[in-house]
Amino acid sequence: MTDWQLAAEFEDILYHKADGMAKITINRPQVRNAFRPKTITEMIAAFADAREDVEIGVVLLTGAGPAPDGKYAFCAGGDQKVRGDGGYISESGVPRLNVLDLQRLIRTMPQPVIALVAGYAIGGGHVLHVVCDLTIAADNAIFGQTGPMVGSFDGGFGASYLARLVGQKKAREIWYLCRQYDAQEALEMGLVNKVVPVEQLEAEGIQWAQEILDKSPLAIRCLKSAFNADCDGQAGIQELAGNATLLFYMTQEAQEGKQAFLEKRKPNFRQYPKLP
Ligand code: S0N
């Protein structure tokens with residue numbers, strides 16, 4: 001039994017930590033966990049906190065539920081009730097599409113993020129699970145994009161990375177036809193990693209997280225950035241190279257450079273092997 005501790009108070013999300021894991025729960029079940037700008041601002045704050053916490057090795061992302069009508073949702077995308085002419089209207093009256101910042105944060109933070117999807121993962125909510133490292137689906141999960149039906153689209157990770165996951169033909173089908181797919185279909189197309197009964201969803205996510213936590217955190221973070229580098233161009237290379245630099249800082253060879261500068265002497269790099 002995981003003893004989740006509240007990590008911070010928010011209005012639209014719940015944020016817990018336990019045993020090396022952080023859990024972020026979108027908590028707007030009355031609108032199928034659709035997000036407004038405030039929801040995203042809070043999620044960015046929670047993810048940023050988890051990223052900085054050296055005790056946290058895996059983040060679980062999920063949606064609160066079931067709603068009073070008994071239905072579950074991971075996230076139904078952008079809240080159409082606050083969508084204005086130039087984006088989703090924040091409390092300050094400014095239109096925003098800050099979910100793109102959240103997508104990048106999930107993708108670039110060193111720790112793996114596991115989406116736990118029960119019920120609907122639709123529209124921008126579907127893209128959120130797509131950008132997570134892994135997705136575990138409940139047997140009641142329903143996946144789909146709605147953009148061309150509701151006057152929007154996500155041509156970033158929501159299209160190009162989706163196509164990396166399921167292939168170009170399937171990604172185009174998903175976006176052009178706006179159909180809904182059940183958990184088994186999602187598994188067959190490579191959109192999710194596993195399907196479990198809904199009542200086992202969190203336990204399965206915790207099991208996967210704990211298995212990852214048993215592995216080398218540096219190896220996991222280098223692998224995450226390597227997978228990203230394959231798709232993310234210069235930004236992906238920057239991430240991977242950042243990890244190379246991190247590892248280099250830990251060597252005596254790199255420390256000789258810093259030490260020589262501080263001691264105002266010429267560095268002696270000749271002492272280090274030129275490995276084949
Ligand atoms: C999820 C669906 C299929 C569930 O259907 P169901 O079970 O029949 O429930 P409903 O009765 O429809 O809903 C229950 C209550 O929840 C409200 N609600 C549901 N979804 C939303 C939503 N997205 N916004 C606001 N409210 C929502 C319902 O209104 C209802 O409340 P009441 O009873 O009070 O009316 C079904 O609900 C559904 O299809 N929902 C809409 C899904 C959708 O189209 N989402 C938006 C898609 N677009 C985005 O997410 C784009 C945002 C984005 O991420 C983006 C990213 C990059 C670049 C561009 C964009 C962009 O802005 O486009």
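It should be emphasised that the depicted structure is a prediction, and the values quoted were computed from it without experimental measurement. Note that ligands are numbered from 1 as they come in the structure, with each ligand's atoms numbered from 1 the same way.
In this structure, the protein non-hydrogen atom closest to atom 4 (C) of ligand 1 is Tyr120 CE1, 3.5 Å. The protein non-hydrogen atom at the shortest distance from atom 59 (C) of ligand 1 is Phe153 O, 3.0 Å. The shortest contact between atom 19 (C) of ligand 1 and any protein heavy atom is with Val31 O, 3.6 Å. Closest to atom 55 (C) of ligand 1 among all protein heavy atoms lies Leu97 CD1, 3.9 Å. Residue, atom and distance of the protein heavy atom nearest to atom 44 (O) of ligand 1 are Thr146 OG1, 2.7 Å. When hydrogens are left out, the protein atom nearest atom 56 (C) of ligand 1 is Asp154 OD2, 3.6 Å; that is the closest non-hydrogen contact. For atom 25 (C) of ligand 1, the closest heavy atom belonging to the protein is Asp79 OD1, 3.1 Å. Of all protein heavy atoms, the one closest to atom 52 (C) of ligand 1 is Tyr88 OH, 3.4 Å.
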- Query: side chain to side chain contact (heavy atoms under 4.5 Å, CB included) between Arg164 and Asp230: does it pass, once the steps are laid out?
  - Reply: CA-CA 10 Å; Arg164 294 278 189 139; Asp230 179 46; 3.4 Å; yes
- Task: Check the pair Gln210 / Met21 against side chain to side chain contact (heavy atoms under 4.5 Å, CB included), numbers first and verdict last.
- Result: CA-CA 8 Å; Gln210 292 302 319; Met21 303 173 291; 3.4 Å; yes
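The ligand atoms of ligand 1 that sit less than 4.0 angstrom from a heavy atom of Gly77 are 50 (O). Every atom of ligand 1 is numbered from 1 in the order shown, and the set under 4.0 Å from a heavy atom of Phe35 is 54 (O). In summary, the atoms of ligand 1 found under 4.0 Å from a heavy atom of Gln180, numbered by their order in the structure, are 3 (C). Every atom of ligand 1 is numbered from 1 in the order shown, and the set under 4.0 Å from a heavy atom of Leu100 is 57 (C). Near Gly124, meaning under 4.0 Å from one of its heavy atoms, ligand 1 places the atoms 49 (C), 50 (O), 54 (O). Those atoms of ligand 1 with a heavy atom of Val99 less than 4.0 angstrom away are 54 (O), 56 (C).
The local environment of CD in Glu199 is crowded, with over 12 non-hydrogen atoms from other residues, nucleotides or ligands closer than 6.0 Å. Heavy atoms from other residues, nucleotides or ligands lying under 6.0 Å from NZ of Lys274 number more than 12. A 6.0 Å sphere centred on CD of Gln252 holds no more than 12 heavy atoms belonging to other residues, nucleotides or ligands. Within a 6.0 Å sphere centred on CD of Gln234, heavy atoms belonging to other residues, nucleotides or ligands number 12 at most.
Looking at Lys71, Gln80, Lys81, it is Lys81 that brings a heavy atom closest to atom 30 (C) of ligand 1. For the residues Arg32, Arg96, Gln30, the heavy atom positioned nearest atom 37 (O) of ligand 1 is part of Arg32. Counting only non-hydrogen atoms, the option in Cys178, Ala73, Ala76 that gets closest to atom 45 (N) of ligand 1 is Ala76.
Proximity of His126 to ligand 1 is not established, as no heavy-atom distance is less than 4.0 Å.
In summary, the side chains of Glu263 and Gln259 do present a donor paired with an acceptor at a separation below 3.5 Å, with no hydrogens or angles considered. Side-chain atoms of Glu9 and Tyr15 form no donor-acceptor pair, as typed in the model, at a separation below 3.5 Å. Gln103 and Tyr161 share no donor-acceptor pair across their side chains, judged by distance under 3.5 Å alone.
The pair Glu239-Arg107 fails the salt-bridge criterion, with no side-chain N (NZ, NE, NH1 or NH2) lying under 4.0 Å from an Asp/Glu carboxylate O. A salt bridge is defined here as a Lys NZ or Arg NE, NH1 or NH2 lying under 4.0 Å from an Asp or Glu carboxylate O, and Glu42 with Arg36 fails to meet this definition.
Between Ala34 and ligand 1, not a single N/O pair is under 3.5 Å apart. The shortest N/O to N/O separation between Ile122 and ligand 1 does not fall below 3.5 Å. Considering backbone and side-chain N/O atoms, Ser152 comes within less than 3.5 Å of an N/O atom of ligand 1. Note: no N/O pair closer than 3.5 Å links Gln103 and ligand 1 by distance alone.
For the pair Pro197 and Asp139, the tightest heavy-atom approach, listed with the atom from each and the gap, is CA-OD2, 3.3 Å.
Checking atom 33 (O) of ligand 1 against the protein gives no heavy-atom contact under 4.0 Å.
Judged by distance alone, with hydrogens and angles left aside, the side-chain atoms of Asn193 form no donor-acceptor pair with the main-chain N or O of Leu134 at under 3.5 Å.
Hydrophobic clustering places Leu102 together with Phe153 (ILVMFWY residues linked when any side-chain heavy atoms are closer than 4.5 Å, directly or through intermediates).
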